[in-house]
Amino acid sequence: MRNVSEATVTEAVTEKFAGCDSPRLKQIIGALVRHLHAFVREIEPNEAEWFAAIKFLTETGHMCDDKRQEFVLLSDVLGVSTFVELINNRKEAGMTETSVLGPFFVEGAPALPMGASIVQDATPADLLVEGMVHDKDGKPVAGAVLDAWQTAPNGKYDVQDPSQPEMNLRGRFTTGADGTFSFRTCLPKEYPVPTDGPVGALLRATGRHPWRPAHLHFMIEAPGFKKLITALYFEGDQYLDSDTVFGVKDSLVVAPAAHGDEGNSRISYSFGLERAA
Ligand code: BEZ
Ligand code: FE
């Protein structure tokens with residue numbers, strides 16, 4: 001393998017992996033080498049640029065621990081998280097589409113009775129969220145555990161904001177025989193993804209804003225069904241068409257309707273779960 005040239009380097013590297021026993025790993029590493037080399041061939045980075053790229057990835061790694069995952073955020077803003085999610089969740093018509101999980105899901109949200117509020121401070125719980133979990137034939141799914149989480153009106157999740165009670169705006173509800181659910185909350189707020197790391201620097205350097213439209217996250221699990229990770233977005237939000245992590249789908253946008261007096265509102269949404277393979 002001497003005297004590799006610009007013309008032969010890709011083939012030389014590919015051949016090095018010829019003995020790989022796993023067909024899938026061989027396919028993956030082969031594609032990685034091919035696409036990476038094509039990228040370098042197109043960009044022709046100078047050495048300062050190449051070291052800047054290494055430094056960027058190093059800083060991204062240094063920003064990762066059990067609470068912060070800058071590589072996931074990088075994958076999010078490059079649209080790769082959504083791309084992988086789309087490939088793995090090709091939906092039949094009528095089944096609920098998925099949306100990004102994000103880094104703010106917390107295990108062990110309080111299990112609450114139907115109709116309860118997930119607001120744990122003095123914020124008015126003026127939004128009623130109700131609906132049903134159903135299968136592909138529209139039949140109710142009983143015993144579905146619906147985990148919901150969202151930001152407070154200041155655009156922050158409880159885990160980002162010491163002024164909020166622990167587990168504020170998080171709750172778990174289990175559907176009964178009729179598959180329905182309901183809970184009360186407040187309207188979530190748009191917020192920027194974390195910008196204090198290398199991904200934030202990348203967004204600034206490229207003139208991109210860091211905002212996500214307001215949304216209400218859901219994770220829904222039921223025995224015999226595929227876990228659904230999704231979110232609902234709100235009609236009229238200024239960031240619906242420019243979500244920095246590409247999570248918005250038309251089918252997930254809702255318009256709260258007035259509910260009773262005193263400025264309360266209500267959304268109703270039915271989640272269609274696919275059977276597990
Ligand atoms: C979120 O919706 O919680 C989120 C998703 C991707 C990156 C940052 C936050
Ligand atoms: Fe979120």
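Atoms within each ligand, like the ligands themselves, are counted from 1 in listed order. Reckoned from all heavy atoms, side chains included, excluding hydrogens, waters and symmetry mates. Just so you know, residue 1 is the first one in the sequence shown, and it goes up from there.
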task: For a ring-ring contact (aromatic ring centres under 6.0 Å, His included) with His215, tell me which candidate from Tyr191, Trp149, Phe234, Phe104 qualifies.
output: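 Single pass found, and it is Tyr191.
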message: Is it true that Thr230 and Glu97 share a donor-acceptor pair across their side chains at a distance under 3.5 Å?
response: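 There is no such pair between these side chains.
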message: Whether the Arg208 and Ser242 side chains hold a donor-acceptor pair (N or O, under 3.5 Å, no angle test) is what I'd like checked.
response: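 Arg208 vs Ser242: no donor-acceptor pair found between side chains.
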- request: For the atoms NE2 of His215 and OH of Tyr157, give the angle they form at the Fe ion (ligand 2), rounded to 10 degrees.
  value: 100°
field: Metal-centred angle, the Fe ion (ligand 2) as apex - NE2 of His217, OH of Tyr191, 10° resolution
entry: 170°
- prompt: Going by distance only, is there an N or O of Tyr191 that falls short of 3.5 Å from an N or O of ligand 1?
  reply: yes
task: Run the salt-bridge test on Glu130 and Arg266 with the 4.0 Å N-O cut-off and return the result as yes or no.
output: yes
message: Check Lys226 with Glu92, please: is the shortest side-chain N to carboxylate O separation under 4.0 Å?
response: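 Salt bridge flag = no for Lys226 with Glu92.
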Which of the ligand 1 atoms, numbered from 1, are nearer than 4.0 Å to a heavy atom of [X]:
X      : result
Phe104 : 3 (O), 9 (C)
Asp76  : 6 (C), 7 (C)
Val193 : 7 (C), 8 (C)
His217 : 1 (C), 2 (O), 3 (O)

Protein heavy atom at shortest distance from [atom]:
atom                   : result
atom 9 (C) of ligand 1 : Pro103 CD, 3.3 Å
atom 5 (C) of ligand 1 : Gly102 CA, 3.3 Å
atom 2 (O) of ligand 1 : Arg212 NH1, 2.6 Å

query: Given Phe173 and Phe181, is the ring pair (Phe, Tyr, Trp, His ring centres under 6.0 Å) satisfied, shown in steps?
result: CA-CA 7 Å; Phe173 301 87; Phe181 66 86; 8.1 Å; no
- prompt: Using a side-chain heavy atom cutoff under 4.5 Å and only I, L, V, M, F, W and Y, what cluster partners does Tyr239 have?
  reply: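 Hydrophobic cluster check, Tyr239: joined to Trp211.
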